[in-house]
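Step one of this worksheet: look at the structure below.
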Amino acid sequence: MVIWLIICNFGKYYSEPMEQSLIIIKPSGVERGLIGPIIGRFQQKGLVIAGLKMMMLNEDLLRQHYAHLVDKPFFASLIKSMTACPVIVMCLRGKDAIAVIRSLVGPTNCRNAAPGTIRGDYGMSSQENIIHASDSPENGIIETNRFFSPEEIFDYIPANISYIYSPDERD
Ligand code: IDP
Ligand code: MG
């Protein structure tokens, strides 16, 4: 009996945990009235919203967030664009959430993004590309911690979870 319980629960302790991603609906998404449609797409997909708020970004925070771009010629323009109005930040969770969300978002330049993706459906620009999404599981955690305090993130299991994942996918 004990051995059977250990075998049955093996997957629970050794399967991959859910990933999380930081999403920013950028000023280009906010000003164009796309907050609702973008949040709706993630909910329809089955991603769990663990945190959500509106905030004004500032240069200090953006220098950390876009540290890989500080030497690019477009960096000053990017800061101006990202601080033009409040943004929506979200923490989304799900199995393989990083890859799933990046495929829903599409590539950086909206003109190269396929129809059906957020950037493909809503944008025409590289800079004004509607949305940010974390690019790795590690960055998903780092970026979420940069934009949210611990009490703003909620660890709950949605009531419809058994219709989103099978039991073995969920653990
Ligand atoms: P990503 O948002 O698709 O992950 P990154 O290379 O991380 O793309 O760049 C961060 C942001 O910097 C982009 O989303 C975009 O707003 C801006 N950006 C990147 N490359 C360019 C460019 O060539 N021209 C103008 N803005 C750019
Ligand atoms: Mg990026």
Side-chain angles (χ1 to χ4, degrees), residues 16-150 152-155 164:
E16 289 292 309
M18 297 278 162
E19 291 177 358
Q20 71 179 35
S21 175
L22 177 82
I23 300 296
I24 305 174
I25 304 180
K26 299 181 178 187
S28 48
V30 172
E31 292 287 17
R32 293 189 45 220
L34 298 171
I35 296 171
I38 289 171
I39 293 175
R41 284 185 181 220
F42 292 126
Q43 286 193 301
Q44 286 163 0
K45 179 67 176 166
L47 289 149
V48 175
I49 301 174
L52 192 157
K53 64 181 176 180
M54 180 175 258
M55 67 186 289
M56 199 71 197
L57 302 182
N58 61 54
E59 183 165 345
D60 278 357
L61 191 63
L62 286 165
R63 279 188 172 275
Q64 295 171 39
H65 179 65
Y66 284 140
H68 59 299
L69 299 174
V70 287
D71 295 328
K72 297 284 185 192
F74 57 82
F75 189 70
S77 172
L78 179 61
I79 297 281
K80 194 169 176 208
S81 161
M82 293 292 292
T83 55
C85 77
V87 298
I88 300 295
V89 290
M90 286 191 277
C91 171
L92 296 184
R93 286 182 175 159
K95 194 166 181 68
D96 303 325
I98 296 295
V100 167
I101 292 169
R102 293 284 291 195
S103 77
L104 291 176
V105 164
T108 307
N109 184 339
C110 296
R111 295 191 299 281
N112 298 333
T117 64
I118 291 169
R119 286 170 171 167
D121 285 352
Y122 297 137
M124 282 295 286
S125 169
S126 247
Q127 177 179 280
E128 302 304 316
N129 61 358
I130 315 293
I131 187 164
H132 165 83
S134 305
D135 63 7
S136 69
E138 300 72 32
N139 280 340
I141 293 166
I142 292 168
E143 292 180 356
T144 300
N145 290 339
R146 181 177 290 138
F147 285 79
F148 286 93
S149 56
E152 292 174 321
I153 299 295
F154 299 90
D155 296 317
I164 297 173

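The residues of the chain are indexed from 1 along the displayed sequence. Each ligand, and each atom within it, is numbered from 1 in the order the structure gives.
- For ligand 1, the 4.0 Å heavy-atom shell takes in Lys26, Tyr66, His68, Leu69, Phe74, Leu78, Arg102, Thr108, Arg119, Ser126, Gln127, Asn129, ordered by chain and residue number.
- In terms of modelled atom types and a separation under 3.5 Å, the side chain of Glu152 and the main chain of Ser149 share a donor-acceptor contact.
- With sequence neighbours left out, the ring pair (Phe, Tyr, Trp, His ring centres under 6.0 Å) criterion links Phe147 to His65.
- Between the side chains of Thr83 and Glu59, no donor-acceptor pair is found at a separation under 3.5 Å.
- Checked by atom type and distance alone, the side chain of Asn129 pairs as donor or acceptor with a backbone atom of Ser126 at under 3.5 Å.
- Remark: Glu31 engages no residue in a side chain to side chain donor-acceptor pair (under 3.5 Å) (not counting sequence neighbours).
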Result block: side-chain N/O donor-acceptor pairs under 3.5 angstrom for residues 101-109, not counting sequence neighbours:
residue: Arg102; atom: NH1; partner: Ala133; partner atom: O; Å: 2.9
residue: Ser103; atom: OG; partner: Val100; partner atom: O; Å: 2.9
residue: Asn109; atom: OD1; partner: Arg111; partner atom: N; Å: 2.8

